[in-house]
Structures are given as C-alpha cells and as structure tokens.
Amino acid sequence: MEEHATGLLLRDALLMLGFALVAVLAFRRAGLGATLGYLVAGALLGPSVLGLVDGAEEMAEVAELGIVMLLFVVGLELSPARLWRLKGAIFGLGLAQVTACGLAISATVLALAGYPLAAALAIGLPLGLSSTAQVLPMLQAGGRLRTPFGERAFAILLFQDLSIIPLITIVAALGAGAEEGPSGWMLGLLTVVAVVGLIAAGRLLIRPLFSLIGGLGERELFIVAALFTVLASAVTMEFLGLSAALGAFIAGVMLADTPYRHELEADIEPFRAILLGLFFVAVGMMLDLGVIAENPLFVIGFAALLIVVKTAIIMALGLALKMTWRAALALGLLLSQGGEFAFVLYTQAVQGQLISLEQSSLFGAIVTLSMATTPFLMIATRRIRQEPKSDDGGREEPHDESAGALVVGFGRFGQTVAQTLLAGGLTVTLIDKKTSQIDIAEEFGSKVYYGDGTRLDMLRQAGAQDAELIMFCIDEVPDAEFINSVADAFPKATIYVRGFDRTSVINLANSKAAYVMREVYESAITLARMALEDVGLNEREIDQAETTYRENDRKRMNVQIEGGDIYAAKEMTREQQRELRREK
C-alpha cells in the first residue's frame with residue numbers, strides 16, 4: 001500500500017513538472033510569462049480537462065509556502081534607505097492605486113453581478129492588484145526598471161505586495177466565523193506585539209546566528225538557517241492566529257539591512273520559485289472550466305472592463321503626478337491586469353464562505369485572461385505610447401546618473417578599487433564572504449554584503465544584470481570558464497579580474513574578461529621608479545627604463561599566452577637580459 005502511494009506521488013510529481021516545463025517554455029517563448037504557463041499546465045492536469053492528477057486543494061496548501069517565501073523576499077528588498085527614497089511613490093501613489101482600483105472594481109462587481117457587499121469586496125479588492133511576477137520581468141527586459149517610469153511602476157507593485165497582509169486580514173474578517181476570533185483592537189495589539197517580538201528576535205538571535213554560520217563558510221548551514229528563519233517567523237504568526245505571510249515579511253524586513261541579504265535571496269530563490277510554480281499549477285487544477293464555459297461572455301466582458309477601469313484610474317493618477325499622457329497611459333496598461341495574489345485571496349474568501357468555489361474559478365479565469373492580454377496590449381499600443389523624439393533622441397535617462405559597479409572581494413585590493421570608483425561617482429555594490437572583513441568594513445562606514453561572488457545566482461541577486469562593471473578582486477582567481485559564463489549571463493557588464501601572477505593572465509587570456517591586472521604589477525614598477533630616482537637617474541632615463549621593461553614584458557607575455565605555458569618565453573627572457581647588459 002505504501003509503495004503504491006509512493007508510486008502515485010512520484011507519478012503526480014513527474015506529470016506536474018513535465019506539463020509545467022512544456023507550458024512555461026511555450027508561454028515564455030510567446031512573451032506571456034511563466035505564471036500563465038503554470039496556470040495552463042494545472043488546468044490541463046485538473047479534472048476539467050485530462051484529470052490526470054487529484055488533490056489540488058491539499059497541494060495548494062503545501063505550495064502556499066511559495067507565497068510565504070515570496071513575501072520574505074519582498075521584505076528583503078525593503079532596506080531602510082530604499083524605502084525612504086521611494087516613500088512618496090510607495091505610500092502615496094501605491095496607496096492611491098490600490099484603494100481607488102479596489103473600491104472601483106468592488107462597486108462594479110456589486111452593480112453588475114448583484115453579489116452581497118462582503119462578497120463584492122472579497123472579489124473586487126484583489127482585482128485592484130497587478131502581477132508583480134509578470135510586470136517586473138517586462139520592465140527589466142525593456143531596460144526601464146531604473147528609470148523614473150520604472151520606479152513608479154515598481155513603487156506601486158511594492159505597495160501592492162505590502163497590501164497583501166491587510167487584505168488577507170480584511171477578507172478573513174469578512175468571512176464566516178470572523179466573530180469567533182479576537183476583537184479588532186485586540187488583533188491589532190497582538191499584531192504589534194508579535195512584530196516587535198520578531199524584530200527583537202532578529203536583532204538578538206538571528207543576526208548573530210548568520211554571523212556565526214558565515215564565519216564557518218558552510219553554505220548548506222546557511223540555507224538551513226534561511227529556511228528556518230522564514231518558517232519560524234511564519235509559524236509564530238500563525239500560532240498567534242495572524243497571517244503567516246506577515247511573519248515571513250517581517251523576517252525579511254529585519255534582515256534587509258544586514259550583510260547577508262543577497263546571500264539569503266540567492267538561497268531562498270530556488271525554493272520560492274518551485275513552490276510558487278506548484279501553487280499556480282494547483283490553482284490551475286482547481287479552475288472549473290465548466291463554469292467558465294457556461295459564462296464565456298461574462299468572463300471576456302468583465303476582463304475587458306477590469307482592464308479599462310484599472311488603466312483609466314492609473315492613468316489619471318499618473319497625470320495628477322504630472323506625467324505625460326503617453327507615460328501615464330503606458331503605466332496604466334502595464335498594471336491593468338489582475339495579479340497572482342488574487343488567487344491567494346480568493347482561496348481565503350472560499351474558506352471564509354464569502355464566495356463559492358465556482359465564483360472563485362470564474363473570477364480566477366478573469367484574472368488569467370487579463371494577464372494574457374498585457375503583452376499584446378503593450379505591443380499594440382507601442383506607437384501611441386512612444387514619446388516624440390527630442391534633440392537627444394528621446395531616450396529616457398536612468399534615475400541614477402552614474403553607472404553601477406559590482407565589486408567582488410573587499411580586501412586591500414578591492415577596497416582601493418571600490419573607493420576609487422566611488423570617488424568617480426559610480427554606485428558600487430560590494431560582496432565578500434569573510435565575515436571578519438565585513439565587520440571591519442562596517443566599523444569604517446562601508447556596507448559590504450555577505451556572499452560567494454563566484455556563484456551566478458549570488459551575482460544575479462546582487463544586481464549584476466544591471467551593472468556596467470563586474471570586478472573580481474578576490475584571492476582565488478576565477479577560471480576562464482566561470483568568467484565566460486558571467487559574461488554570457490550578464491552581457492551589459494564589462495568584466496575586470498585581479499590576477500595573482502603571470503599564470504593568472506595566461507589562463508584568462510582567451511576568456512571574456514576585458515582586463516586581467518596582476519595585483520603587484522603597477523606598485524612594483526612605481527617602487528622601482530623611486531629606487532632609480534634615488535640612485536641618481538633623471539626623469540628621461542627612468543621613463544626609458546620603464547618603457548623598456550613594459551615592452552619586453554608585453555612581448556614575453558604574448559609568447560607565453562600563445563604557448564599556454566609560463567616557460568614558453570624562457571629563452572626570450574635570457575636574450576632580453578643579455579641585450580640589456582650589452583647596452584650598459
């Protein structure tokens with residue numbers, strides 16, 4: 001019996017992963033995003049189509065851990081400095097958008113569908129949210145994430161992510177059995193106490209724990225500690241009758257300004273991506289396509305109405321902020337779809353008996369259809385939205401004028417590189433895996449993040465995809481294969497490497513690194529120049545000596561690179577030395 005159950009579990013897992021893989025690949029190639037692919041894969045597997053996998057509800061409960069981890073990652077993004085810089089857009093524009101769109105769509109549901117007020121709110125408020133999973137990749141692909149337009153869109157999405165927590169509370173309070181729980185003021189007090197307790201635990205326990213693990217250099221322990229932090233915070237809040245998502249979010253916030261932020265994101269990301277994908281597969285399996293087939297005009301009509309209402313409201317908010325009408329229209333269309341969190345809130349509404357499972361499937365289909373239209377809308381309106389070209393070519397400048405650099409390694413070499421780049425006005429992100437080095441840097445006011453910069457996922461979490469420069473200033477010189485993989489993964493960045501000796505330069509000569517610098521090369525030449533000056537040579541003679549050395553060194557290096565061996569220029573070195581003696 002046990003073997004049979006295990007076999008079924010493996011079969012279901014194989015089917016889900018296989019269908020998800022094919023669907024996501026197809027939807028990605030079509031530019032429609034991974035979320036829609038997962039939903040379609042689930043719909044095909046579910047009872048409405050092929051009926052190959054059962055137990056979608058139980059699967060969704062487990063996969064909701066993906067939502068918990070997503071909220072944790074959102075919390076990690078909220079460093080105090082970033083939150084302060086975007087505070088006006090987040091809590092002004094974001095609050096206005098969520099409130100106006102949510103209430104307007106709720107009123108539309110109330111007027112057109114005739115549902116009770118509580119059900120209309122449970123359906124309409126989630127539809128006011130947009131799809132972070134769909135919009136952010138579109139902004140990144142278009143290179144607009146760091147522009148003023150992109151930052152406004154990001155601020156709205158960020159507030160929408162934050163609003164999940166109060167919306168879950170609102171839906172739970174509207175549902176059946178809400179009167180059995182604690183009163184509103186007691187729930188608020190309990191929430192404040194729990195949040196303060198989690199922050200205190202983070203300061204006193206979690207940060208020292210990560211510091212200890214970082215010193216050991218055990219990545220497996222770091223992953224275990226990261227998962228423990230997320231789950232412990234979520235379980236604590238759930239035990240108190242509060243939102244598990246709130247607990248995960250607070251856990252992320254309390255670690256956002258630590259040196260371990262990027263490492264945590266990199267370690268959590270695979271679990272978050274897989275579980276979130278499985279959650280959407282389970283949601284797709286729960287979609288009742290029979291209900292949709294009975295009401296096709298309602299689904300298509302309401303999806304169109306949702307897009308029109310959200311576009312109009314967001315465009316009006318953009319115009320109020322003195323955006324051009326084209327930029328305001330683009331913002332409205334970009335955020336016009338329903339989002340993935342609507343499925344979470346509809347699941348909560350069904351559990352609270354606010355709406356039926358059929359209604360959840362009906363409006364889930366509306367969300368899915370609205371998400372599918374966004375890429376097509378952006379393509380169809382491209383000429384209308386495009387700003388007229390000005391003298392500078394009509395290009396929208398990034399919000400930060402300076403280029404970004406990612407410096408891996410904050411030892412004596414990396415410190416000099418980073419400080420020089422900062423003096424040149426560049427924004428610099430620093431990564432080091434030595435906790436002692438990080439602690440020393442913080443004493444001098446430098447912010448260094450913990451992590452292994454020779455991991456592609458770590459570089460990606462640190463923002464390598466947007467960096468102009470990636471500079472490896474570490475003792476362990478990366479090999480050519482790794483440098484090439486970094487160049488392929490982040491084509492916008494120019495790569496510089498600190499080499500140890502001539503062998504480092506030879507090994508990386510045919511890599512995609514723009515330049516490999518021997519760590520003591522220039523300082524040794526400078527010291528030699530000082531010595532020549534002290535023994536009485538004039539400036540012309542010193543310059544000639546340096547030029548002769550550099551030319552000879554370059555010739556030998558070319559021969560060694562061609563031969564792939566440091567001994568390839570051995571005879572050449574001896575010949576050069578004999579020539580120098582003859583000249584004397």
Side-chain angles (χ1 to χ4, degrees), residues 23-41 43 70 93-94 97-98 100-102 104-105 108 124 126-145 147 149-161 276-277 280 283-284 287 292 299-318 323 325-346 363-386:
V24 170
L25 280 174
F27 276 75
R28 280 287 194 187
R29 289 291 298 271
L32 299 177
T35 302
L36 287 173
Y38 286 122
L39 290 169
V40 170
L70 179 58
L93 181 59
Q97 185 276 322
V98 170
C101 290
I105 297 167
T108 303
L127 290 176
L129 307 182
S130 307
S131 175
T132 301
Q134 186 177 37
V135 173
L136 283 185
M138 291 176 69
L139 287 171
Q140 288 175 331
R144 305 190 72 186
L145 188 57
T147 64
F149 175 87
E151 290 216 328
R152 284 194 175 103
F154 175 77
I156 292 175
L157 291 170
L158 186 56
F159 187 86
Q160 289 179 357
D161 291 339
L276 198 58
F280 290 130
V283 168
L287 284 175
I292 300 168
V299 172
I300 295 172
F302 203 96
L305 188 60
L306 170 67
I307 292 168
V308 170
V309 170
K310 290 186 72 173
T311 300
I313 292 175
I314 296 172
M315 183 176 179
L317 292 173
M323 295 176 68
W325 71 267
R326 288 184 173 85
L329 174 62
L331 187 64
L333 290 171
L334 186 66
L335 300 172
S336 63
Q337 74 289 127
E340 52 271 7
F341 280 118
F343 300 110
V344 181
L345 292 165
Y346 287 161
F363 282 92
I366 290 169
V367 171
T368 304
L369 182 58
S370 70
M371 291 172 69
T373 62
T374 302
F376 299 113
L377 286 173
M378 299 305 288
I379 293 171
T381 61
R382 181 176 296 162
R383 290 187 178 180
I384 301 173
R385 296 182 290 102
Q386 191 172 19

Would you name the heavy atoms of [X] and [Y] that are closest together and state the gap between them?
X	Y	value
A23	G37	CB-O, 3.2 Å
L377	S336	CD1-OG, 4.2 Å
L331	F149	N-CE1, 3.5 Å
M315	W325	CE-O, 3.7 Å
L335	S130	O-OG, 2.7 Å
A104	V309	CB-CG1, 4.2 Å

- Note on the structure: Sorted by chain and residue number, the ring pair (Phe, Tyr, Trp, His ring centres under 6.0 Å) partners of F302 (sequence neighbours excluded) come out as F298, F363
- Using the test side-chain contact (heavy atoms from CB on, under 4.5 Å), find all partners of L369 that sit at least two apart in sequence or belong to another chain. V299, I300, A303
- Task: Taking side chain to side chain donor-acceptor pair (under 3.5 Å) as the test, write out the residues that go with Q337, two or more places apart.
- Result: T374
- Task: State which residues pass side chain to side chain donor-acceptor pair (under 3.5 Å) with T368; sequence neighbours excluded, sorted by chain then number.
- Result: none
- Would you say the side-chain atoms of T373 pair up with the backbone N or O of S370, donor to acceptor, closer than 3.5 Å? yes
- Message: Donor-acceptor pair, distance only, cut-off 3.5 Å: does the side chain of K310 make one with the backbone of L127?
- Response: yes
Which distance, rounded to the nearest 0.5 Å, do you find between the [atom1] of [X] and the [atom2] of [Y]?
X	Y	atom1	atom2	answer
L329	M323	CG	CE	10.0 Å
I307	I366	CD1	CD1	11.0 Å
F376	L333	CZ	CG	14.5 Å
L129	I105	CG	CD1	9.0 Å
L157	L334	CG	CG	7.5 Å

